[in-house]
Amino acid sequence: MADAAMTATFLAVIGGASLLAVTARRLRPVDRLPSLESWALADRSLGPVWTWLLLGGTIFTAYTFTAVPGLAYGNGAPAFFAVPYTVIVCPLAFVLLTRLWEVARRHGYVTAGDFVRGRYGSAPLALVVALTGILATMPYLALQLLGIRAVLTAGGVYPKGAAGDLVMVALFAGLAVATYRHGLRAPAVISALKAVAVFVSLTAVCWLVLRRFGGPGPVFDGAAERLGGPALLLSPEQQPAYATLALGSALALLMYPHVLTAGFAADGPRTVRKVTVALPAWTGLLALFGFLGVAALATGVRAPEGGAEAAVPMLVDRLMPAPLAGLVFGAITVGALVPAAVMSIAAATGFVRNVYVEYFQPTATPKRQVRIAKAVSLTAKVGAVAFVFGLRDQDAINLQLLGGVWILQIFPAVAVGLFTGRLHPRALLAGWAVGMVTGTFLVVREGFSSIVLLGGGSLEIYAGLLALLVNLTVAVATTAVLERLGVPRGADVTDLPSRLTVRRRPETGASNP
């Protein structure tokens with residue numbers, strides 16, 4: 001059983017998150033009529049600090065903070081692909097997210113599907129973009145619950161049996177109510193607590209580890225002995241998989257609906273650029289979590305078979321006083337609530353804009369759109385809870401691995417479409433279909449591993465990136481065929497250039513400051 005002081009601290013952190021969620025109503029203008037933009041994007045009114053908190057809190061999930069150190073605990077160096085991957089995201093977001101924000105604000109777009117609809121004039125292409133986003137988001141949402149359960153179980157805070165299930169339901173019930181009422185503003189205010197709690201608790205844990213070992217060197221030496229030495233360094237054979245996984249994951253991340261939703265909530269492109277420059281602070285946090293996985297090895301933590309994600313919670317329970325351990329467990333739990341809320345909002349918004357309004361109720365009023373989005377958001381959370389209780393943990397992990405491969409297949413329509421409209425919408429549909437089939441086949445063939453073998457088993461690369469290359473090849477080749485056949489394309493209303501261009505700075509005179 002958990003120590004009483006640990007439980008009290010944990011409940012205090014969760015209670016603070018609940019109180020903050022209630023204050024979200026203060027961020028809502030009283031003179032605004034109900035609209036999907038207001039509920040899902042907080043009226044695009046978040047400044048640099050709030051956007052940094054929300055976007056960082058959305059990208060860096062609780063499962064990330066347990067899975068990365070768990071992978072480091074079990075596999076060593078390959079786990080740290082997450083560090084370059086999140087570094088690569090920053091310049092990509094600086095360019096792609098800023099440009100997409102400008103187009104979305106100008107035309108009132110709320111989802112990536114809205115942009116695709118306007119860029120290519122194709123409702124079917126917008127539909128597959130929206131459905132792919134929802135399909136990839138749902139297992140990701142379920143993984144937030146798994147992250148909470150793994151952390152609390154390792155710390156002894158999660159009761160066994162029905163009592164534990166009730167704890168999980170209670171945690172998400174409070175989140176569901178706050179999100180239902182206040183939309184994106186609820187996770188925005190909770191993200192402030194997440195940042196403070198995670199940064200403070202992680203600093204404390206790392207300090208205790210370094211104090212115990214006398215520096216980082218002995219930590220890595222001790223871990224190397226347990227892993228067999230070379231496992232803390234990448235072998236030449238591992239490098240292609242490491243590089244392609246980092247690159248492919250970075251490209252995929254910016255296509256997830258919850259990341260775009262958090263980015264669209266910014267109050268301007270200047271804010272987006274500032275935030276992307278400051279995001280590496282969250283990457284440093286992730287690197288420290290990976291270091292704790294190495295420290296768990298060095299300390300002699302014995303995680304349960306198939307449960308390496310429990311290594312860091314067990315390390316925390318071993319090293320820290322009970323009140324501080326409760327703070328860490330509470331911080332990681334709050335770390336799951338923020339992305340879970342944004343994911344449910346993003347999935348609901350994509351369904352309303354690109355499925356419900358497009359195909360079922362084109363005349364739906366803004367008020368009705370908000371009502372439907374609230375109901376779908378609530379359903380998504382209930383579905384995630386049912387998924388966790390009804391299926392094995394490995395099923396959610398397998399689906400999330402597939403989700404990363406799937407979401408990468410909308411990259412040509414969304415990201416490439418920001419710079420050129422030359423690709424034909426039917427060709428993009430064909431490329432998407434071939435990419436989805438190819439990626440799914442490769443992952444399933446490898447036993448739900450996202451790393452596949454090529455060249456007779458001598459080359460390992462990320463399946464999602466390989467599927468994306470096939471996708472782009474089919475899209476380009478099919479575009480050439482359709483243009484030769486004279487197949488018309490839909491109208492483009494985005495005011496973006498139809499082909500890739502390089503913008504030049506205007507010449508300035510010597511007298512200008």
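Bear in mind that the values here come from a model prediction, so they are computed numbers and not experimental data. Heavy-atom basis, side chains included; hydrogens, waters and symmetry copies ignored.
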What pairs with [X] under side-chain contact (heavy atoms from CB on, under 4.5 Å), at least two apart in sequence or on another chain?
X: L288; value: L202, C206
X: D114; value: Y109, V110, T111, R353, N354
X: T86; value: F60, T283, L286
X: P339; value: T61, Q144, K194, M343

side-chain hydrogen bond (donor to acceptor under 3.5 Å, both in side chains) partners for [X], two or more places apart:
X: T333; answer: none
X: T179; answer: none
X: W101; answer: none

Contact check, side chains of E37 and R44, non-hydrogen atoms, under 4.5 Å: yes
L315 side chain reached by V209 side chain, heavy atoms, under 4.5 Å: yes
Residues two or more places apart in sequence or in another chain: which of them pass ring pair (Phe, Tyr, Trp, His ring centres under 6.0 Å) with [X]?
X: W406; value: none
X: F220; value: F291
X: F289; value: F65

Acceptor/donor pairs from residues 261-273 side chains to any protein atom, 3.5 angstrom cut, sequence neighbours excluded:
from	atom 1	to	atom 2	distance (Å)
T261	OG1	P257	O	2.9
D267	OD1	T271	OG1	2.5

All pairs passing side-chain hydrogen bond (donor to acceptor under 3.5 Å, both in side chains) where residues 199-219 contributes a residue, at least two apart: none
Donor-acceptor contact present, side-chain Y73 to main-chain V301, <3.5 Å: yes
